[in-house]
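Bear in mind that the values here come from a model prediction, so they are computed numbers and not experimental data.
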Amino acid sequence: MAKPVVSVVLGSFERLDFLKLTLDTLRAELDSVAHEIIVVDGGSSDGTLEWLVRQKDVITIVQHNRGDWRGRKVERRSWGYFMNLGFRAANGKFVCMVSDDCLVVPGAIREGIRKFTEELEGGVKLGALAFFWRNWPEDENYLVGYTLGKKLFVNHGMYLRSALEEVGFIDEDTYLFYHADGDLCLKLWNAGYTCDYSPKSYIEHYTHANRKVRATNTKHQTDDWNAYIEKWSGIFYSPGDEEVGSWKIVEYRDPTNTASRFRKLHGFRIGSRLKKAIKKMLGRHGYLESSTRVVRRLRGTAP
């Protein structure tokens, strides 16, 4: 069996419907490329684990991150800890990092491999390559980010596996969730690597895949930011610096309209919530109302 050129690593938790879409786009993108897909799951209870173990082309790593076990709370692990499980297991020359609420626009990873290889063969000490991405449905254009010191970093994209190992992978102790991706690229910059972007690589990101899980992460953002500033003060940041981050924004029209695949799932999820609300209301009133009347009641327009 050929050694993979690229290892795709993604973390997942309670997003089975979205994860299926993500993997569909990965499989289509990498059908003719030697690759492996590694999913690190935080202990999902929505059927994700049962589904994953049936996927013979996916390496599944399970590390429970919530709930109770033998009378004690499960220790909450950081985003970096989870990603490092996948990064360290990766066998590819390149490691591609995406999220379980993303879709790969056709050509994104293949173009990333092409550009990465070209740069390395040209003598560039390239450690990471960012893909342009946008939040769907609210954003029209795509972007990549610059962090402290005006250094480009990777939200979604590719790394050189050997470079990750050289810098000790992600700092999994300083940050719970936010800014560990920026920190990883600053570690690469600090070690003499460059981080660039792939101008023909695009990712679609769905903003509201699991708001409850997102909320538990967001509340730690301030602590993570303060730790980030403290760690890189005097290196890529000086107190008083006005610019601590910016974006490069580009216009692009995807001829395959990849994001439209979110639309069907988006509508399905709204429909599911509506059905649950209708069922709850019918049970509360103890009699059968017409579905039209129930919908009007939910919207506040029923008498």
Exercise for the section: Carefully, step by step, assess Y175 and H220 under the rule side chain to side chain contact (heavy atoms under 4.5 Å, CB included). Expected result: CA-CA 9 Å; Y175 316 97; H220 299 284; over 6 Å; no
Side-chain contact test, heavy atoms from C-beta onward, threshold under 4.5 Å: evaluate it for [X] versus [Y] and give yes or no.
{"X": "L120", "Y": "L160", "result": "yes"}
{"X": "F132", "Y": "K248", "result": "yes"}
{"X": "V104", "Y": "V8", "result": "no"}
{"X": "Y159", "Y": "V167", "result": "no"}
{"X": "N141", "Y": "W247", "result": "no"}

Residues [X], [Y]: salt bridge by 4.0 Å N-O rule:
{"X": "R114", "Y": "E118", "value": "yes"}
{"X": "R110", "Y": "E29", "value": "yes"}
{"X": "D183", "Y": "K231", "value": "yes"}
{"X": "K115", "Y": "E119", "value": "yes"}

Problem - Chi angles and distances behind the side chain to side chain contact (heavy atoms under 4.5 Å, CB included) call for H205, R134 - result: CA-CA 6 Å; H205 173 250; R134 68 172 176 177; over 6 Å; no
Between the main-chain N or O of [Y] and the side-chain N or O of [X], is there a donor-acceptor pair closer than 3.5 Å?
{"X": "S78", "Y": "D173", "result": "no"}
{"X": "K200", "Y": "E111", "result": "no"}
{"X": "R54", "Y": "E50", "result": "yes"}
{"X": "D224", "Y": "F177", "result": "yes"}
{"X": "D254", "Y": "T256", "result": "yes"}
{"X": "Y193", "Y": "N190", "result": "no"}
{"X": "R77", "Y": "L176", "result": "no"}

Exercise for the section: Would you check if the distance from the ring center of F18 to the ring center of Y206 is below 6.0 Å? Expected result: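 Aromatic pair counts; centres sit under 6.0 Å.
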Problem - E36-S7 side chain donor-acceptor pair, cut-off 3.5 Å - result: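 Yes.
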Practice task
Verify the distance criterion only: is there a donor paired with an acceptor across the side chains of E230 and Y237 at less than 3.5 Å?
Solution key: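 Looking only at side-chain atoms, Y237 and E230 do not form any donor-acceptor pair under 3.5 Å.
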Sequence neighbours left out, cut at 3.5 Å: what donor-acceptor pairs do the side chains of residues 144-157 make with other protein atoms?
| residue | atom | partner | partner atom | Å |
| --- | --- | --- | --- | --- |
| T147 | OG1 | Y228 | OH | 2.6 |
| N155 | OD1 | W133 | NE1 | 3.3 |

Practice task
Answer with yes or no whether the hydrophobic clustering places V105 together with L26; edges join I, L, V, M, F, W, Y residues whose side-chain heavy atoms lie under 4.5 Å apart.
Solution key: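 Hydrophobic grouping puts V105 apart from L26.
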When the side chains of residues 38-49 are checked against the rest of the protein, which donor-acceptor pairs come out under 3.5 Å, sequence neighbours left out?
| residue | atom | partner | partner atom | Å |
| --- | --- | --- | --- | --- |
| D41 | OD1 | S44 | OG | 2.7 |
| D41 | OD2 | G43 | N | 2.7 |
| D41 | OD2 | S44 | N | 2.7 |
| D41 | OD2 | S44 | OG | 3.2 |
| S44 | OG | E14 | N | 2.8 |
| S45 | OG | E14 | OE2 | 2.8 |
| D46 | OD1 | T48 | N | 3.2 |
| D46 | OD1 | T48 | OG1 | 2.6 |
| D46 | OD2 | R15 | N | 3.2 |
| D46 | OD2 | L16 | N | 3.1 |
| D46 | OD2 | T48 | OG1 | 3.4 |

Exercise for the section: Taking atom CD of Q63 as the centre, report whether more than 12 heavy atoms of other residues, nucleotides or ligands fall under 6.0 Å from it. Expected result: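 More than 12 within 6.0 Å, yes.
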Problem - Flag if over 12 foreign heavy atoms under 6.0 Å of CZ, R253 - result: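 Counting neighbours around CZ of R253, more than 12 heavy atoms of other residues, nucleotides or ligands fall under 6.0 Å, so yes.
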